[in-house]
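Here is the structure we will look at.
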Protein chains: 2
Amino acid sequence: MPNLTRAIEKYIHDLLESGEAASVSLRRKELAESFGCVPSQINYVLRSRFTPERGFLVESQRGGHGYIRILRIAFEDPEEKMNHIDDIVGDSISDQEAHRLLQILQERDLITARERLIIEVALRHSDEMGQSDFDLSQHKRNTIQAELLKRMLRSLMLA
Amino acid sequence: MPNLTRAIEKYIHDLLESGEAASVSLRRKELAESFGCVPSQINYVLRSRFTPERGFLVESQRGGHGYIRILRIAFEDPEEKMNHIDDIVGDSISDQEAHRLLQILQERDLITARERLIIEVALRHSDEMGQSDFDLSQHKRNTIQAELLKRMLRSLMLA
DNA sequence: ATTATTGATTATCCTTGACCTTCATTATAG
DNA sequence: CTATAATGAAGGTCAAGGATAATCAATAAT
């Protein structure tokens, strides 16, 4: 049985695509049984494949009537220009460059003003921590900032 | 008998929506009887669903002519909302608590799914840095996480 | 070395029921 | 008449038990 994880991943993915809904609900136990695996295998698939970084949110309830719900947030068809987020941001980015990039993205309606605000706050917090709490160099901080920025933007733009 | 708690939750919610009033009054015993359950089930629903976190307050009176009243909290100005956020997040918050809070905020339409996604990514990045790069304790990471979360949410409440 | 699989253990949610507390009304004592 | 005690009518607490899901460490596969 090669690649159980991918099979389960594909199954969930297909569920999300077939139904028009932006989310699917599952019974962990049932799904595990239908794939002939242990229930915790489902958690592995979710943790490794359906992450916020990839544009998914996962909600769940334990106990009686428990469930797992997977939501797809990101666009199916990302803007062509955003395919190059990695190139644009690069491995290191300054506050000012990040600031300017976010402004451009908002002007192009790829992100909203509120989304931009959250991102700016997160970047600022990261920089502040790096400086005050961990005494990191400018370059190191800019590297971390680039990583954080890419993750946030990718989650919105890429599938 | 699928999900008694959710049925009762929905019933109360509908009551609040149908009437224009910002509150509803109930008789615990009667409500329990109409759902064919034990009275303390009502307390469970109130405790787990109609919390301040979710924007509700519950008042009650025992003895003869007793009652339970559920109020929906309305925020006058952004500052009130901010204080509310600060109280709920506190000085330290776990991944799971943060996750849950964001889900609730989205359900209350205080944030969008995309905004929630960005915030989840930022929190995960913060936690990951704290753990892998700086070897911080769980508590320290939760403290940083609370600070970051509050800042992001505050920025939105004012927007 | 990284990713995937498993299973034992732990945590959480829902439901129920026995027992506790509080309040209003009524009965009784002075 | 008043003050207090008894009664009945709410609602509150808590702990147990069953139903799920999450976590984590060990092991296997790639």
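Each chain gets a letter, A, B and so on, in the order its sequence line appears, and its residues count up from 1.
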(message) If the condition is side-chain hydrogen bond (donor to acceptor under 3.5 Å, both in side chains), which residues does Gln138(B) pass it with, not counting sequence neighbours?
(response) none

(message) I need the CD-C1' distance between Gln103(B) and dC13(C), as an integer number of Å.
(response) 14 Å

(request) Return the residues of residues 25-33 of chain A meeting this criterion: a heavy atom under 4.0 Å from some atom of DNA chain D. Order them by number, or give none. (result) Arg27(A), Arg28(A), Lys29(A)

(message) Check this for me, if you would: do Glu147(A) and Arg151(A) make a salt bridge, where the nitrogen-to-carboxylate-oxygen distance has to be below 4.0 angstrom?
(response) yes

(message) Using whole Å, what does the distance between atom P of nucleotide dT15(C) and atom CD of Glu9(B) come to?
(response) 12 Å

(request) Starting from P on dT9(C), measure out to CG on Asn43(A) and report it in whole angstrom. (result) 18 Å

(message) Between P on dA22(D) and CZ on Arg100(B), what's the gap in Å once rounded to a whole number?
(response) 12 Å

(message) Filter on ring pair (Phe, Tyr, Trp, His ring centres under 6.0 Å), then keep only pairs touching residues 109-137 of chain B, sequence neighbours left out; what's left?
(response) Phe134(A)-Phe134(B)

(message) Check Arg124(B) with Glu128(B), please: is the shortest side-chain N to carboxylate O separation under 4.0 Å?
(response) no

(message) Glu53(B): which residues meet the side-chain hydrogen bond (donor to acceptor under 3.5 Å, both in side chains) condition with it, sequence neighbours left out?
(response) none

(message) What is the distance, to the nearest angstrom, from the CD atom on Gln96(B) to the P atom on dA11(C)?
(response) 11 Å

(request) Mind listing the residues from residues 48-63 of chain B sitting with a heavy atom below 4.0 Å of DNA chain C? Number order is fine. (result) Arg49(B), Arg62(B), Gly63(B)

(message) My understanding is that only residues two or more places apart in sequence, or in another chain, count here; which of them pass salt bridge (Lys or Arg N to Asp or Glu O under 4.0 Å) with Arg6(B)?
(response) none

(request) Could you state the atom-to-atom distance from OH of Tyr67(B) to P of dG12(D) in whole Å? (result) 11 Å

(request) Mind checking Arg6(B) for me? I need base, sugar-phosphate or nothing, with any heavy atom below 4.0 Å counting as a touch. (result) nothing

(message) Applying a 4.0 Å non-hydrogen cut-off, can you work out what Ile68(A) is touching in the nucleic acid: base, sugar-phosphate, or nothing?
(response) sugar-phosphate

(request) Report the distance from atom CG of Asn3(A) to atom C1' of dA28(D), rounded to the nearest whole Å. (result) 14 Å

(message) Roughly what angle, to 10°, lies between the helix axis at the start of the helix from dA1(C)-dT30(D) to dG30(C)-dC1(D) and the one at its end, five pairs per end?
(response) 20°

(message) Does a side-chain N or O of Thr5(B) approach OP1 or OP2 of dT15(C) to a distance below 4.0 Å, or not?
(response) yes

(request) Write out all pairs satisfying salt bridge (charged side-chain N to carboxylate O under 4.0 Å, His left out) with one or both partners inside residues 129-141 of chain B, taking only residues at least two apart or from two chains. (result) Asp127(B)-Arg141(B)

(request) Using atom CG of Leu4(A) as one end and atom P of dA29(D) as the other, report the distance to the nearest whole Å. (result) 13 Å

(request) Please state whether the phosphate of dA21(D), meaning OP1 or OP2, lies under 4.0 angstrom from any side-chain nitrogen or oxygen of His65(A). (result) no

(message) With a cut-off of less than 4.0 Å, is there a side-chain N or O of Tyr44(A) near OP1 or OP2 of dT5(C)?
(response) no

Can I get a per-line list of side-chain donor-acceptor pairs under 3.5 Å for residues 9-19 of chain B, giving both atom names and the distance, sequence neighbours left out?
unit_1: Glu9(B); atom_1: OE1; unit_2: Arg49(B); atom_2: NE; d: 3.0
unit_1: Lys10(B); atom_1: NZ; unit_2: Asp14(B); atom_2: OD2; d: 2.9
unit_1: Ser18(B); atom_1: OG; unit_2: Asp14(B); atom_2: O; d: 3.2
unit_1: Ser18(B); atom_1: OG; unit_2: Leu15(B); atom_2: O; d: 3.1

(request) Only counting residues at least two apart or in another chain, list the ones meeting side-chain hydrogen bond (donor to acceptor under 3.5 Å, both in side chains) with Glu33(A). (result) none

For nucleotides 25-27 of chain D, list the nitrogen or oxygen atoms of the protein found under 3.5 Å from its nitrogen or oxygen atoms, one pair per line.
none

(request) Kindly write out the residues that satisfy side-chain hydrogen bond (donor to acceptor under 3.5 Å, both in side chains) with Ser94(B), not counting sequence neighbours, or none if the list is empty. (result) Glu97(B)

